[in-house]
Structures are given as structure tokens and as C-alpha cells.
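This report concerns only the one structure given below.
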Amino acid sequence: MEQTTSCVHFLAFVLLVFASSAYPFTYNVLSYGAKPDGNFESTRAFVAAWTLACGSIKSATIYIPTGRFLLRNVVFRGQCKNNAIVFRMDGTLVAPSDYKVLGSTENWLLFEHVNGVSIYGGVLDGQGTGLWTCKRVRQGLSQRSNGEFCVWLLVLVNESSASAPVVIDGCNNVKGDSVSVSASGNSPNTDGIHVQSSSSVTILNSRIGTGDDCVSVGPGTNNLCIENMACGPGHGISIGSLGKEAEEPGVQNVTVKTITLTGTQNGHAIMTDVENPIVIDQHYCPDEKNCPGLVSGVKISDVTYQDIHGTSATEVAVKFDCSPSYPCTDIRLEDVKLTYRNKPAEASCSNADGTVSGFIQPSCCL
Ligand SMILES: *[C@@H]1O[C@H](CO)[C@@H](O)[C@H](O)[C@H]1NC(C)=O
Ligand SMILES: *[C@@H]1O[C@H](CO)[C@@H](O)[C@H](O)[C@H]1NC(C)=O
């Protein structure tokens with residue numbers, strides 16, 4: 001498998017901003033011995049700045065100026081004395097090029113038992129060569145909610161099937177605003193944001209261009225809302241794969257609003273040359289390998305596609321390919337207009353049941 005590109009632009013990922021007050025204390029990592037040359041290992045300086053920010057009774061900012069900062073695996077540990085620590089990054093965090101340096105730990109940057117950390121700006125460079133690089137940000141218990149707050153950030157793993165710069169796994173009440181993730185369009189299996197086993201995740205105002213899903217939604221996701229996103233290149237927003245495990249939690253209540261997809265494989269909302277604008281595929285078999293004749297045991301129901309316009313890059317713009325044993329039910333299409341080469345596109349349905357309303361083109365087969 002090819003190596004993935006090494007850079008992830010991580011322009012402004014806001015996790016949980018609990019305080020909008022000014023941040024009176026700023027800890028510049030240079031003041032604690034960090035060097036922006038890409039070779040000097042700045043781990044200690046970052047830990048020193050973190051220790052002060054975490055010990056501050058007021059909100060605090062850790063400032064990372066321009067330059068390249070080499071970091072080994074770091075744990076940013078709480079509990080902290082305040083719940084408003086901001087990382088303001090103008091620079092790039094660089095992982096060791098030799099992944100063995102990270103040893104057996106899977107985490108590059110781990111946030112543990114912290115509450116209210118925001119990260120603005122910056123670039124994460126996984127150096128492309130190492131089999132690693134899992135950057136995890138995990139936030140511990142929040143005082144404002146009983147849920148566990150956490151976010152994992154993963155930086156491109158060269159051979160993982162689930163690599164994504166941002167992974168939200170096992171989290172409640174996570175908010176991402178102005179997330180920007182880019183990787184080259186042909187990077188294999190690089191999702192932008194992967195969400196699983198999480199509830200109440202909101203991703204707003206974001207721009208994602210990767211080789212794979214802009215957002216992929218895995219098992220155990222509830223109450224996910226994605227709004228105002230520009231997605232492409234990539235596969236669009238995907239729910240699944242699901243049903244790999246026999247006893248797997250389902251996905252419920254996913255809302256996708258105001259999305260612009262460009263040159264993506266699958267999509268919702270405004271489409272520009274999208275390969276499969278609307279698709280449910282219960283026969284999904286990515287490499288046509290190891291799943292011949294496989295029929296999904298995942299039940300899909302209650303899906304609404306509303307106000308979806310644009311152009312399809314393939315003739316069949318609407319495809320519901322559901323399994324005979326678990327047909328799709330309650331699929332609703334409302335105001336859909338998709339064309340293929342200036343003509344109405346086509347729709348294909350198998351084992352799918354539902355209703356249509358408003359203007360529908362292609363005429364539907366539900
Ligand atoms: C991943 O990177 C490691 C270290 O560079 C290398 O040994 C390994 O072969 C790579 N794996 C793949 C599938 O490219
Ligand atoms: C569905 O999720 C949204 C957040 O995206 C939430 O506001 C709403 O209450 C949820 N609906 C149900 C029925 O849980």
C-alpha cells in the first residue's frame with residue numbers, strides 16, 4: 001500500500017470552548033526551551049508550558065509560534081485548575097520520523113482528564129514514514145456534563161484502514177468548529193473525521209478534502225449533526241461500514257445540513273459532478289474481495305433526503321441497493337433534482353420502500 005501524505009492541516013479545531021473570556025496567561029513554548037528547527041526535541045518544553053497552563057487558576061493559552069517542533073509522545077494530563085486552555089498554533093508539530101521512538105504506545109499526543117481544551121490552527125506532520133502516528137486527544141470528565149468528553153486526533157497511519165486526522169471515539173458532547181483537514185485526493189483510506197461510539201457530536205463550518213470519506217460514521221453513533229461543510233475531493237459523508245461485528249451498536253439520528261460536495265463519490269445537498277449522489281448500499285464490498293454474495297444484516301430505516309440539487313458524474317444518481325432479508329424502509333425523498341450530462345439522471349432501487357414528495361428528479365423507484 002502506498003504511503004499516505006504526511007501533512008494534515010489542522011487549521012482550527014475547536015473542541016469545547018467553555019469560557020469566552022480573554023486568556024490572560026500566555027505560555028509561549030519557546031520560553032520553555034522549545035526550538036522551531038524540526039530537529040530539536042521539544043517535548044519537555046511543551047510539558048512545561050502545559051504544566052503551568054494546567055496549574056493556572058485562570059484560563060490560559062499555550063502559544064506555538066511558526067516553525068517545526070519535533071515532539072515525542074506527550075501526555076497532557078489533568079485535572080487542571082481551569083477549564084479553558086487554548087492551544088494557539090502557528091507552527092507545525094512534527095512526529096519522530098522513526099516510529100520506533102514512540103515505542104509500543106499508540107498515542108502521540110494524548111490529553112487525559114482534561115476539560116475544555118481548544119486547539120486553534122497549526123499543522124500536524126506525521127513525517128509520512130513512520131507506522132504510527134496516532135495522535136489522540138482525550139478529554140476526561142467534564143464538570144459541566146456527566147458525560148465523558150474526549151476527542152482522538154489521529155494523524156495518518158501508513159497502513160491503517162481507519163486512519164483519519166480527527167477521530168472522535170467514545171465521546172459525548174464534542175463540538176468541532178472550523179475544522180480544516182486536507183490530504184491529497186489519492187491518499188488511500190484517509191478519512192477526514194471519523195466518528196464512532198459517540199453521541200451529541202456537532203461539526204460546523206468545516207472544510208475537508210481527503211482521499212476517502214470527508215466524514216465517516218461508525219457504529220454506536222447517536223445524535224450527530226454536520227452543518228455547513230465543504231467536502232471534496234473524497235467520498236463525501238458515509239455511514240458505515242456497519243455490521244462487521246455480529247453484535248454491533250447501530251447508528252441513530254444523523255443530520256447533515258448545508259453541505260457542498262465537489263468531485264466526491266457520494267454526496268448530499270449541493271452536488272457538483274458527484275459519482276453517487278444518493279446511495280444506500282447494503283452490498284458494500286470495497287475491494288470486491290472476501291465478501292462475495294454478502295448480504296448486510298444491518299437494518300436501515302427512517303432516512304430523509306431533502307432539498308438535494310446538482311450534477312451527478314454517473315447516470316444512476318440515486319441508488320438504494322438494499323438486502324432482501326433486511327429491506328430498507330421509510331426512505332423519504334423530498335425536492336431532489338439531479339442531472340447527468342444535462343439530462344435527468346436515473347434512479348435504481350432494490351428492496352427499498354418509502355415515500356417521495358415535492359419535485360423529484362430522477363423519478364423515483366421507491
Ligand atoms: C509503514 O511504515 C513502516 C515504517 O516506515 C514500514 O516499515 C512499513 O512497511 C509501512 N507499511 C506499509 C504497508 O507501507
Ligand atoms: C437528534 O440529534 C440532534 C442533534 O444533532 C438533537 O438535537 C435531537 O434532539 C436528536 N433527536 C432525538 C430524537 O434524539
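We count ligands from 1, going down the list as the structure has it; atoms in each ligand are counted the same way. Quick caveat: nothing in here was measured; it's all calculated off a predicted structure.
In this structure, cysteines Cys214 and Cys231 have SG atoms closer than 2.5 angstrom.
Here's the thing with Thr255: none of its N/O atoms is less than 3.5 angstrom from an N/O atom of ligand 2.
Here the straight-line distance linking atom CZ of Arg341 with atom OG1 of Thr314 works out to 10.0 Å at 0.5 Å rounding.
Counting protein heavy atoms under 4.0 angstrom from atom 5 (O) of ligand 2 gives one or more. Within the 4.0 Å cut-off (strictly below), a protein heavy atom is located near atom 11 (N) of ligand 2.
Summarising the contacts of atom 1 (C) of ligand 2 with Asn253, Leu224, Val256, the nearest heavy atom is found in Asn253.
In terms of modelled atom types and a separation under 3.5 Å, the side chain of Asp213 and the main chain of Val215 share no donor-acceptor contact.
With ring centers used as reference points, Tyr27 lies 6.0 Å or more from Phe46.
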